[in-house]
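Working notes, beginning with the structure itself.
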Amino acid sequence: MLNIILFGPPGAGKGTQSQQLKEKYNLTYLSTGDILREEMAAETEIGRKVKDIISKGGLVSDEIVVSIIRGRVEANQKSAGFLFDGFPRTVRQAEMLDGIMKEFSLKINRVLSLEVPEEILINRMIERGKTSGRADDNIDSIKHRFVEYDEKTKPVLAYYEKQGNLKGINGVGQIQDIFAALCAEIDKIQ
Ligand code: ADP
């Protein structure tokens, strides 16, 4: 099984790259952002709970996202592997993901971290906001997402660095070139 975490700040291109990676390696794609947006669209209990916090650019509680992920991992144990996008976003989530992996006798093979300078990210997200229809792609929420990223998500990098699992990838350039760099790293695994 090939289990990959695609890590990076908001707007780094995780979603774009994930679409190609999941196809190429036949992975079960788990984007907590996408799943939470589906829950909101379907107006489920979870969707109603997370709506305000997401639109303001805050992080949803660890318990909610971890229980979603655990359910999806349990349901897809026969898959060729998992591609995690936007999860884990706190050190606690990373620790709990390790617990889930252990529970199902799996392991994370690599954490690929897309590196993009903040000025470029903010511009990309403002552009995306013109067409995405996402309530959180406005300047105030974007700023808050970066504060959350710096405070709560960046420390996740050190967590995986310590495990020797982290690999930085330059996220600036042509989509195809970045994809090739990600694939080159994945192909080294085993
Ligand atoms: P982006 O990477 O562009 O910020 P995502 O689609 O990954 O967007 O996430 C959108 C929002 O969903 C986040 O700002 C946050 O409110 C919520 N969210 C997604 N994943 C998580 C997570 N693992 N933990 C907490 N909140 C999350």
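Order of appearance sets the numbers: ligands from 1, and atoms from 1 within every ligand.
Panel note: side chain Asn76, backbone Arg72; a donor-acceptor pair is recorded below 3.5 Å.
Atoms of ligand 1 found under 4.0 Å from any heavy atom of Gly86, numbered from 1 in the order shown, are 20 (N), 21 (C), 22 (C), 23 (N). The atoms of ligand 1 that sit less than 4.0 Å from any heavy atom of Gln93 are 22 (C), 23 (N), 24 (N), 25 (C). For ligand 1, the atoms sitting less than 4.0 Å from at least one non-hydrogen atom of Thr32 are 19 (C), 20 (N), 21 (C), 22 (C), 23 (N), numbered in the order shown with element in parentheses. Atom numbering of ligand 1 starts at 1 in the shown order; those under 4.0 Å from a heavy atom of Gly58 are 14 (O), 15 (C), 16 (O).
With respect to the salt-bridge test (charged N to carboxylate O, under 4.0 angstrom), the residues Lys188 and Glu185 qualify.
Residue contacts with ligand 1 include Arg128, since one of its heavy atoms falls under 4.0 Å from the ligand. Taking 4.0 Å as the cut-off, Val65 counts as a neighbour of ligand 1 on heavy-atom distance. Ligand 1 lies within reach of Arg134, whose nearest heavy atom is under 4.0 Å from it.
Residue-level proximity to ligand 1 for Lys14 is carried by the side chain, the only part with a heavy atom below 4.0 angstrom. When heavy-atom distances to ligand 1 are checked against a 4.0 Å cut-off, Leu36 comes that close only through its side chain, counted from C-beta outward.
Taking only nitrogen or oxygen atoms, main chain and side chain alike, Asp34 does not reach within less than 3.5 Å of ligand 1. Backbone and side-chain nitrogen or oxygen atoms of Pro88 are examined, and none is located within less than 3.5 angstrom of a nitrogen or oxygen of ligand 1. Polar contact check, Phe87 against ligand 1: no nitrogen or oxygen pair lies under 3.5 Å apart.
Looking only at heavy atoms of the protein, atom 19 (C) of ligand 1 is closest to Arg89 NH1, 3.5 Å. Remark: minimum distance from atom 26 (N) of ligand 1 to any protein heavy atom is reached at Val60 N, 3.0 Å.
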Practice problem: Evaluate side chain to side chain contact (heavy atoms under 4.5 Å, CB included) for Leu112 paired with Ile5, printing each intermediate quantity in order. | Solution: CA-CA 6 Å; Leu112 300 172; Ile5 294 172; over 6 Å; no
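Looking only at side-chain heavy atoms (C-beta outward), Met40 and Arg48 stay at 4.5 Å or farther from each other. Proximity of Asp34 to Asp85: side-chain heavy atoms (C-beta onward) are nowhere separated by under 4.5 Å. Between Val172 and Pro117 the shortest side-chain heavy-atom distance falls below 4.5 Å. Residues Gln19 and Tyr29 form a side-chain contact, since some pair of their non-hydrogen atoms from C-beta on lies under 4.5 Å apart.
For Thr44, the side-chain contact (heavy atoms from CB on, under 4.5 Å) partners two or more places apart in sequence, or in a different chain, are Glu39, Ala42, Ile46.
With distances taken over non-hydrogen atoms, the option nearest atom 14 (O) of ligand 1 out of Arg145, Met40, Arg37 is Arg145.
Remark: Leu97 CG to Glu103 CD distance equals 11.5 Å, nearest 0.5 Å. Note: Leu6 CG to Leu182 CG = 6.0 Å, rounded to the nearest 0.5 Å.
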